[in-house]
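Take a look at the structure set out below.
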Amino acid sequence: MHTVVIDHPLVAHKLTALRDQDTASPTFRRLADELVTLLAYEATREVRTEAVNITTPVSAAVGVKLAAPKPLVVPILRAGLGMLEGMVRLLPTAEVGFLGMIRNEDTLKASTYAERLPDDLSGRQCYVLDPMLATGGTLGAAIRFLVDRGAGHITAICLLAAPEGCARLERELDGLDIPVTVVTAAMDERLNEKGYIVPGLGDAGDRLYGVVG
Ligand code: URA
């Protein structure tokens, strides 16, 4: 697994505002959206392209276009939805699939409660959207799910990551024979006893969409 922490003043600026507990949901949603677009720029560095012949007003030229099959963007419900628009702004022709993951509080294992994805992902490039890489359980299970369907290349985009979650992902994905990259705006200090990222930004789903009782 390859982890990329984006070092850019605009990313740091937007992330700081996201972290601030006084940033209300409408601003939080807008900033998350903008931040994802910045992360997506870096996360799509390996997106597959193919050569295309075009004619400019001046001459013939060879350029590139995104190769088929189209990239697949997979937000993990619910908080990953807050990252979708920011991602497809850069990849408007991507297909979008959905994955709902839930953690069993007794076994601590993440499982799938909803999915809308192609049955066959053979060779597909997948971009998984999950704002908080905390324990790594959910993201690990999501990546396994996509790999079991045949995904050939996975990039996870996370607003924030914790070292514990990255270490667990590394362990759990050890032996996978496809490339997995995690792109994040920051690697924070640690997890607290409740599994929150410190200093973090709190509960990403609640801050995007409010507390649902
Ligand atoms: N999920 C969140 O929304 N926030 C955290 O800090 C950890 C997991």
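When a ligand or atom number is given, it counts from 1 through the structure's own listing order. Residue numbers count from 1 along this sequence.
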> Does the pair E34/R30 count as a salt bridge with the N-to-O cut at 4.0 Å?
Replying inline: yes
>> A side-chain contact here means heavy atoms from C-beta on lying under 4.5 Å apart; do R149 and P118 qualify?
In response: no
>> Would you say that T112 contacts M101 through its side chain, given a criterion of any heavy-atom pair below 4.5 Å between the two side chains?
In response: yes
>> Under the rule for side-chain hydrogen bond (donor to acceptor under 3.5 Å, both in side chains), what residues qualify as partners of R29, not counting sequence neighbours?
In response: none
> Taking R207 for the side chain and L18 for the main chain, is one N or O donor matched with an acceptor at less than 3.5 Å?
Replying inline: yes
> ligand 1: which residues have a non-hydrogen atom closer than 4.0 Å?
Replying inline: M132, A134, G195, Y196, I197, G202, D203, A204
>> Any side-chain to backbone donor/acceptor pair from T37 onto G86? Under 3.5 Å, distance only.
In response: yes
